[in-house]
Amino acid sequence: MHIEINGKNIEYTLTRRKGMKSIRIRLGEDGALCVSAPYGVSKAYIEDLIRKNIGSLEQGKKQTDEAHKRWEKFVQDKLREVPDWTVKRYGDDIVAGRPYEKGSVFNGLPLVTTQLEFQNMFWKAYKIFNADHPIFVTGVTLRKMKSRWGSCRPKTGRMTFNLLLLYVPEECARYVIYHELCHYLELNHSRHFWAHVAEYVPDYRRIEKEMNEYGRILIDHCM
């Protein structure tokens, strides 16, 4: 299908889905415009919605693309700065060989040991999430936080995670990433929010309990 906006002919795909209650419009990584809509919504209404939102969609995609470029530059700079045995890239994976700090509370567990690995984990999860729920992330920051594992600002696309996530098992860190991404869809902890979380972390209740324990021990020892 095609739509003309400001003299520009834009191609888009339209998918009708049962059970949908709202229209979703997103720009894919390749710039393709994809629309999902419930049955019964007219083509004219959908195209009017595209015209109203195309500007913000293009701006959001530009910011996300720039964030990805900054991340890739960071990775390349990091790979140049350190010895080969310390950080290596295997396809899309980045493996850090720097050992976990000696004497740490959870020394020896399968841990995310560097900020580099955490960023790599985040962008992989974001790619999966964004395919289902189009959102824009413009930057990811790790810093010490006293009372939470992460926070997000959907209006600016900024996400912040607790530096202590480098000290917990990977499945727990990955859960926190999806938890914060789901806050783009629901800014509360309603049953709808937890339903979204369950799409990506079905075992979230068990991990929540583990994170409560890690929080008590890590914050006491590291803050």
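Along the sequence shown, residues carry numbers from 1. Because the structure is predicted, anything quoted here is derived from the model rather than measured.
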A.B. asks: First locate atom OG of S36, then atom CG of L14, and finally report the distance between them rounded to the nearest 0.5 Å.
C.D. replies: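 S36 OG to L14 CG: 8.0 Å, rounded to 0.5 Å.
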A.B. asks: Could you state the interatomic distance from CE (M211) to SG (C172), rounded to the nearest 0.5 Å?
C.D. replies: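 Between atom CE of M211 and atom SG of C172 there are 5.5 Å.
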A.B. asks: Checking salt bridge (charged side-chain N to carboxylate O under 4.0 Å, His left out) for the pair E210/R206: CA distance, chi angles, key distance, verdict?
C.D. replies: CA-CA 6 Å; E210 289 186 22; R206 174 185 62 82; 2.5 Å; yes
A.B. asks: Determine, stepwise, if the pair R16 / V41 fulfils side-chain contact (heavy atoms from CB on, under 4.5 Å).
C.D. replies: CA-CA 9 Å; R16 302 280 187 174; V41 178; 3.9 Å; yes
A.B. asks: Would the F161 and W149 ring centres measure less than 6.0 Å apart?
C.D. replies: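 Centroid distance F161-W149: not below 6.0 Å, so no.
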A.B. asks: Within the structure provided, determine whether W123 and V137 are in side-chain contact (heavy-atom separation under 4.5 Å).
C.D. replies: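 With C-beta onward as the side chain, the pair touches.
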A.B. asks: Does a side-chain N-to-carboxylate-O contact under 4.0 Å join R153 and E180?
C.D. replies: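 Looking at R153 and E180, the cut-off is not met.
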A.B. asks: Report yes if the side chains of F122 and L181 come closer than 4.5 Å at any heavy-atom pair, otherwise no.
C.D. replies: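 Of all side-chain heavy-atom pairs linking L181 with F122, at least one is under 4.5 Å.
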A.B. asks: Using every non-hydrogen atom in the two residues, find where I23 and A37 come nearest and quote the distance to one decimal.
C.D. replies: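 Scanning both residues, the minimum pair turns out to be CG1-CB, 4.0 Å.
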A.B. asks: If you take all heavy atoms of S22 and P38, which pair is closest and at what distance?
C.D. replies: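 Looking at all heavy atoms of both residues, the shortest contact is O-CD, 3.8 Å.
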A.B. asks: Within the structure provided, determine whether L187 and F193 are in side-chain contact (heavy-atom separation under 4.5 Å).
C.D. replies: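 Sidechains of F193 and L187: no contact.
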A.B. asks: Please name the pair of heavy atoms, one in E171 and one in I207, separated by the smallest distance, quoted to 0.1 Å.
C.D. replies: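 Shortest heavy-atom separation between E171 and I207 comes out as O-CD1, 4.1 Å.
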A.B. asks: Restricting to non-hydrogen atoms, name the atom on E11 and the atom on L33 that form the minimum distance, rounded to 0.1 Å.
C.D. replies: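 Looks like O-CB, 3.8 Å.
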A.B. asks: Does the pair E66 and T138 meet the rule for a side-chain contact (heavy atoms from CB on, under 4.5 Å), with working shown?
C.D. replies: CA-CA 7 Å; E66 289 172 352; T138 59; over 6 Å; no
A.B. asks: Strictly by modelled atom types, are R158 and T141 linked by a side-chain donor-acceptor pair under 3.5 Å?
C.D. replies: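 Side-chain D/A pair, R158 to T141: present.
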A.B. asks: Could you check whether any side-chain heavy atom of R143 comes within less than 4.5 Å of a side-chain heavy atom of L163, counting everything from C-beta outward?
C.D. replies: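 No, side chains not in contact.
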A.B. asks: Would you please indicate yes or no on a ring centroid separation below 6.0 angstrom for H183 and H196?
C.D. replies: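 That pair fails the under 6.0 Å test.
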A.B. asks: How far does CZ of R51 sit from CG of N6, to the nearest 0.5 angstrom?
C.D. replies: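 That separation rounds to 9.5 Å.
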A.B. asks: So, the side chain of N53 versus the backbone of L49: is there a donor-acceptor pair under 3.5 Å, distance only?
C.D. replies: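 Between the backbone of L49 and the side chain of N53 there is a qualifying donor-acceptor contact (under 3.5 Å).
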A.B. asks: Answer yes or no: is there a side-chain heavy-atom contact under 4.5 Å between I135 and P154?
C.D. replies: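 Not touching, per the 4.5 Å side-chain cut-off.
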A.B. asks: I'd like to know if the side chain of N162 and the backbone of M145 have a donor-acceptor N/O pair within less than 3.5 Å.
C.D. replies: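 Flag set: sc N162 to bb M145 pair under 3.5 Å.
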A.B. asks: When you group the ILVMFWY residues by side-chain heavy-atom contacts below 4.5 Å and let the links chain together, are Y184 and L57 in the same group?
C.D. replies: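 Different hydrophobic clusters.
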A.B. asks: Apply side-chain contact (heavy atoms from CB on, under 4.5 Å) to the pair E4 and I10, showing each step before the final yes or no.
C.D. replies: CA-CA 6 Å; E4 186 174 326; I10 297 176; over 6 Å; no
A.B. asks: In the structure I gave you, are the side-chain heavy atoms of E213 and K209 within less than 4.5 Å of one another anywhere?
C.D. replies: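 Contact flag for E213/K209 side chains = no.
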A.B. asks: Judged by modelled atom types alone, do D132 and Y200 share a side-chain donor-acceptor pair under 3.5 Å?
C.D. replies: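 Result is yes, a qualifying pair exists.
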A.B. asks: Test Y12 against every option in I25, V35, I54 by the side chain to side chain contact (heavy atoms under 4.5 Å, CB included) rule and name the one that passes.
C.D. replies: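 Result for side chain to side chain contact (heavy atoms under 4.5 Å, CB included) with Y12: V35.
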A.B. asks: For the backbone of S190 and the side chain of N188, can you confirm whether one donor and one acceptor N or O come within less than 3.5 Å of each other?
C.D. replies: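 Side chain of N188 to backbone of S190, a donor-acceptor pair under 3.5 Å: yes, one is there.
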A.B. asks: Just verifying a value: how many Å separate I3 CD1 and E47 CD, rounded to the nearest 0.5 Å?
C.D. replies: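 Answer for the CD1-CD pair, I3 versus E47, is 4.0 Å.
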A.B. asks: Taking atom NE2 of H133 and atom CZ of R26, what is their separation to the nearest 0.5 Å?
C.D. replies: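 H133 atom NE2 to R26 atom CZ measures 11.0 Å (nearest 0.5 Å).
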A.B. asks: Kindly indicate whether the side chain of D203, heavy atoms from C-beta on, has any atom under 4.5 Å from the side chain of Y175.
C.D. replies: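 No - every pair of side-chain heavy atoms lies 4.5 Å or more apart.
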A.B. asks: For residues G150 and V176, report the shortest heavy-atom separation together with the two atoms involved.
C.D. replies: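 Shortest heavy-atom contact: N-CG1, 4.5 Å.
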A.B. asks: Applying side-chain contact (heavy atoms from CB on, under 4.5 Å), run through T156 and F136 and close with a yes or a no.
C.D. replies: CA-CA 9 Å; T156 63; F136 295 109; over 6 Å; no
A.B. asks: I'd like to check H179 versus E208 (side-chain heavy atoms, cut-off strictly below 4.5 Å). Are they in contact?
C.D. replies: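 Result yes, sub-4.5 Å side-chain heavy-atom pair found.
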A.B. asks: Do Y214 and Y178 sit in the same hydrophobic cluster, where Ile, Leu, Val, Met, Phe, Trp and Tyr count as joined when their side-chain heavy atoms come under 4.5 Å apart?
C.D. replies: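 Yes; Y178 is reachable from Y214 via cluster members.
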